[in-house]
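Everything numeric in this text was worked out from a predicted model, so none of it was measured. Residue numbers begin at 1 in each chain, while the letters A, B, ... track the order of the sequences.
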Protein chains: 2
Amino acid sequence: MDQNPTRSASVTVADVARKAGVSKATAARVLGGYGTVSDRVRDAVTAAARALDYQPNELARSMTTGRSGTIGVVVGDIENPFFSLAVRGITDVARQTGFTVVLINSGEDVGTEKAAIRTLLAKRVDGLIVSPAKESDVGHLKEATRSGRPLVLLDRGSEALNVDTVLADDRHAAEGITRRLLALGHRRIAYLTACDTPDHCFRAPDDINTGSVRRRIEGFLGVCREAGLQGMEDWVHVGAVTPEHTHRIVTAMLKSPQRPTAIIASDSVIGLEVFKVGRELGLTIPDDLSLVSFHDADWTSVTTPPVTVVRQPVYRLGETAAKLLVGRLNGTDGEANRVVLRTEVVERASVAAPADSVGASELHREP
Amino acid sequence: MDQNPTRSASVTVADVARKAGVSKATAARVLGGYGTVSDRVRDAVTAAARALDYQPNELARSMTTGRSGTIGVVVGDIENPFFSLAVRGITDVARQTGFTVVLINSGEDVGTEKAAIRTLLAKRVDGLIVSPAKESDVGHLKEATRSGRPLVLLDRGSEALNVDTVLADDRHAAEGITRRLLALGHRRIAYLTACDTPDHCFRAPDDINTGSVRRRIEGFLGVCREAGLQGMEDWVHVGAVTPEHTHRIVTAMLKSPQRPTAIIASDSVIGLEVFKVGRELGLTIPDDLSLVSFHDADWTSVTTPPVTVVRQPVYRLGETAAKLLVGRLNGTDGEANRVVLRTEVVERASVAAPADSVGASELHREP
DNA sequence: AAAGTAAAAGAGACCGGTCTCATATTCGAA
DNA sequence: TTCGAATATGAGACCGGTCTCTTTTACTTT
């Protein structure tokens with residue numbers, strides 16, 4: 001019965017039409033599910049299609065309809081649990097709504113991101129979800145929107161881009177944990193991020209091109225300033241791009257005579273490395289060093305002590321972005337939405353008053 | 001200067017040709033980078049393309065060439081660090097070789113997987129990398145290969161499918177850790193996996209459809225049998241599909257009078273949950289309970305105690321699969337490759353002799 | 001039974017590229 | 001100078017669908 005192996009040359013509507021004894025147009029109507037056809041013909045065509053094992057060619061379909069049924073997603077690094085969870089949110093919505101996801105990693109490099117956008121546009125994705133590497137460099141994104149395809153920004157916004165954006169309230173979260181640390185008496189608080197600057201030094205928030213991180217640093221510095229602490233810019237460290245880099249930076253930091261009494265890690269990959277270095281150097285958390293990490297990664301609840309984190313609704317970040325995009329794709333228009341999802345500080349046990357908190361509380365009384 | 005906003009209707013080769021004053025065919029030659037053209041014409045066309053901001057339509061190109069430049073990837077769950085790391089390996093190779101990745105999560109459900117394959121085939125991906133949910137149910141995969149598009153199996157093989165396959169040597173790894181546990185005196189060793197059976201009970205390895213996991217269980221049971229332990233099938237627990245399920249199963253297991261003295265977790269998500277439950281119940285690892293987990297997730301080195309794991313070369317698993325696929329795409333043919341990558345047991349501190357090791361060694365003397 | 005209308009089917013253009021084949025041009029060798 | 005080969009360009013079919021427009025068929029209506 002199977003002596004007729006499917007030829008590699010694929011079966012087309014024309015083949016089905018011929019077999020069913022109808023015109024190509026009619027067969028296409030049945031197969032494509034549009035227009036009006038009689039029941040008799042529908043059955044004949046369906047039977048012929050089954051007999052021939054007809055497989056529609058979506059490419060050809062996209063050609064004429066102009067819709068490819070795909071959405072392009074550009075994230076920094078799918079390996080990072082933050083992005084993999086967000087992407088899960090995106091793919092779930094995509095599947096439910098009949099879209100398919102093309103995924104590209106930018107490696108947080110603008111050049112790669114540009115190439116990615118170009119590729120996706122050339123492949124005629126219906127829309128884009130991007131987590132831009134640099135807020136300041138978004139010409140390629142602007143161009144993408146100009147081509148008429150909707151764009152949604154994920155986790156990082158851009159003033160220059162008037163498009164749907166889904167963010168976590170990073171500044172607020174940073175302010176909260178900074179206040180907490182200050183109240184406990186910490187004065188030497190380091191903020192550590194993967195974002196880098198040309199000379200690997202931090203001077204002002206404007207040096208940071210990743211929106212979410214910049215807002216956090218602004219919140220951190222703002223609260224410090226309110227509390228009368230000046231020059232906290234020196235405590236912001238950039239360039240923790242790999243675990244190895246992070247290891248080096250944290251080790252240097254913790255070995256210096258004026259070592260920080262608390263560290264804020266900008267993501268869970270960094271947080272993990274800080275934890276490791278602390279242990280390596282024989283420092284006890286939280287007695288010798290307080291640690292707060294962004295992203296409630298699974299491991300943070302299971303260490304000794306468990307780590308206090310900023311919980312971001314990462315899955316919902318992706319989910320919301322995808323829903324917004326699908327909405328646009330289905331014709332919703334109007335002003336760009338800026339959705340800001342609430343974060344939450346999960347207090348665990350990696351934060352305590354610093355050992356030298358006396359000096360610190362004196363400082364507190366100064367102003 | 002920018003008073004001429006790009007019309008949404010895209011610029012085609014025909015438009016460029018007209019502007020450059022050449023035929024469509026010639027313009028296409030320049031733009032497509034094929035055939036021979038004079039320098040003068042090339043410059044003219046290039047200039048016209050730039051002036052018009054021509055963006056090639058890959059869809060149309062794929063239409064005629066039959067190659068879409070995309071590879072379809074179907075994994076269980078991108079949120080699982082195992083898959084996100086493997087996918088990272090795949091996407092890296094894809095980018096380097098000029099391919100783009102379409103990602104679909106199967107949720108380990110064969111129905112979803114089938115739909116995914118159909119979608120990807122309809123979108124005319126050039127090739128597929130799949131981590132099949134069930135080894136026994138691969139008709140749809142067979143069909144995919146029959147359509148002429150190469151398929152590479154990731155982490156899970158299938159005897160029924162004679163295609164390139166990349167696996168970790170799961171059986172060997174399971175045998176190693178089982179021997180270790182037995183040598184320490186453990187007799188009540190539980191194996192816990194997410195794979196499920198219709199009635200949520202395990203009787204024999206054939207109940208397990210996920211190849212990698214079945215091989216591990218076979219290794220586990222085989223070594224136990226060698227050591228004279230019978231009926232260890234009862235110690236294999238299935239259905240740890242979510243952290244909640246896992247929590248319930250592990251709690252029941254550890255509260256039973258005949259509680260296991262050691263648990264082997266089939267992935268890091270399960271391992272984490274076992275760790276949490278152990279702590280909840282006030283059990284000390286490794287004194288009260290030994291724990292070994294598959295997958296060297298980042299958190300495993302940072303707990304107290306750190307967890308002994310089976311390190312799989314996950315990134316290389318994905319990378320190798322992608323390289324194999326790209327090879328096929330570039331015309332390599334010949335017998336199907338079965339690549340088995342070595343795993344490694346990373347000894348940390350979550351394994352020790354059981355508290356009641358005396359009774360255990362007696363048992364050991366029995367046969 | 002004739003006319004009028006709605007439903008069904010067919011013919012063929014079209015989407016935006018590629019590619020074959022025919023024609024025109026250029027160049028070197030005889 | 002002239003011919004032949006090599007190189008450049010043009011015309012148009014083609015990929016596999018969708019979709020408009022026209023013709024044919026079926027069903028009301030009076």
Side-chain angles (χ1 to χ4, degrees), chain A residues 7-46 48-49 52-70 119 121-126 147-148, chain B residues 7-46 48-49 52-70 119 121-126 147-148:
Chain A
R7 271 152 247 64
S8 60
S10 53
V11 179
T12 73
V13 277
D15 298 326
V16 176
R18 202 171 310 124
K19 170 114 180 173
V22 299
S23 75
K24 184 185 156 195
T26 303
R29 273 189 271 261
V30 176
L31 267 14
Y34 58 90
T36 74
V37 224
S38 69
D39 290 352
R40 206 167 38 77
V41 170
R42 165 168 292 108
D43 292 347
V45 172
T46 309
L52 260 32
D53 189 32
Y54 168 76
Q55 304 282 95
N57 183 334
E58 280 295 334
L59 247 40
R61 189 169 285 170
S62 304
M63 203 54 246
T64 35
T65 59
R67 310 195 79 197
S68 63
T70 62
T119 303
L121 253 27
K123 296 231 188 270
R124 293 299 191 263
V125 295
D126 291 336
S147 80
Chain B
R7 271 152 245 66
S8 59
S10 53
V11 179
T12 73
V13 277
D15 298 326
V16 175
R18 202 171 311 122
K19 170 113 179 174
V22 299
S23 76
K24 184 183 158 197
T26 303
R29 273 189 270 261
V30 176
L31 267 14
Y34 58 90
T36 75
V37 225
S38 68
D39 291 352
R40 206 167 38 80
V41 171
R42 166 169 290 110
D43 293 346
V45 172
T46 309
L52 260 32
D53 189 33
Y54 167 76
Q55 304 281 97
N57 183 335
E58 280 296 334
L59 247 41
R61 188 169 286 171
S62 304
M63 203 54 248
T64 36
T65 60
R67 310 196 79 197
S68 63
T70 62
T119 303
L121 253 26
K123 295 230 189 271
R124 294 298 193 265
V125 294
D126 291 336
S147 80

Taking atom CG of Leu59(B) and atom CZ of Arg67(A), what is their separation to the nearest 0.5 Å?
-> 13.5 Å

CG of Asn57(A) to CE of Met63(A), rounded to nearest 0.5 Å, is 11.0 Å

Length of the [atom1]-[atom2] vector between [X] and [N], whole Å:
| X | N | atom1 | atom2 | answer |
| --- | --- | --- | --- | --- |
| Arg42(B) | dA8(D) | CZ | C1' | 11 Å |
| Leu59(A) | dG17(D) | CG | C1' | 10 Å |
| Lys123(B) | dC15(D) | NZ | P | 22 Å |
| Met63(B) | dC14(C) | CE | C1' | 12 Å |
| Leu52(B) | dG16(C) | CG | P | 13 Å |
| Arg61(B) | dG17(C) | CZ | C1' | 8 Å |
| Arg18(A) | dG10(C) | CZ | P | 14 Å |
| Glu58(B) | dG17(C) | CD | P | 10 Å |

Counting only side-chain nitrogens and oxygens, does [X] get under 4.0 Å of the OP1 or OP2 atom of [N]?
| X | N | answer |
| --- | --- | --- |
| Thr26(B) | dG10(D) | yes |
| Tyr34(A) | dC19(D) | no |
| Ser38(B) | dT9(D) | yes |
| Thr64(A) | dC15(C) | no |

What heavy-atom pair brings [X] and [Y] nearest, and what distance separates the two atoms?
| X | Y | value |
| --- | --- | --- |
| Ser23(A) | Ala17(A) | O-CB, 3.6 Å |
| Arg124(B) | Gln55(A) | NH2-O, 3.7 Å |
| Tyr54(A) | Thr12(A) | CE1-C, 3.8 Å |

Per the atom types in the model, does the base of dG10(D) pair as donor or acceptor with the side chain of Lys24(B) at under 3.5 Å?
-> no

Record whether the side chain of Arg29(A) comes under 3.5 Å of the base of dG10(C) through a donor-acceptor pair of N or O atoms.
-> yes

Ala25(A), nearest nucleotide to its side chain (from dC19(C), dA7(C), dG12(C)) = dG12(C)

Report the nucleotide, chosen from dA11(D), dA9(C), dG17(C), that has the shortest atom-to-atom distance to any side-chain atom of Ser23(B).
-> dA11(D)

Would you mind reporting whether Leu52(B) and Lys19(B) have side-chain heavy atoms less than 4.5 Å apart?
-> yes

With side-chain contact (heavy atoms from CB on, under 4.5 Å) as the test, would you mind laying out the steps for Val11(A) and Asp53(A) before giving the verdict?
-> CA-CA 7 Å; Val11(A) 179; Asp53(A) 189 32; 5.7 Å; no

Find the bend of the helix from dA1(C)-dT30(D) to dA30(C)-dT1(D) as the angle between its two terminal axes (five pairs each), to the nearest 10°.
-> 40°

Using a 4.0 Å heavy-atom cut-off across all strands, classify Thr12(B) as base, sugar-phosphate, or nothing.
-> sugar-phosphate

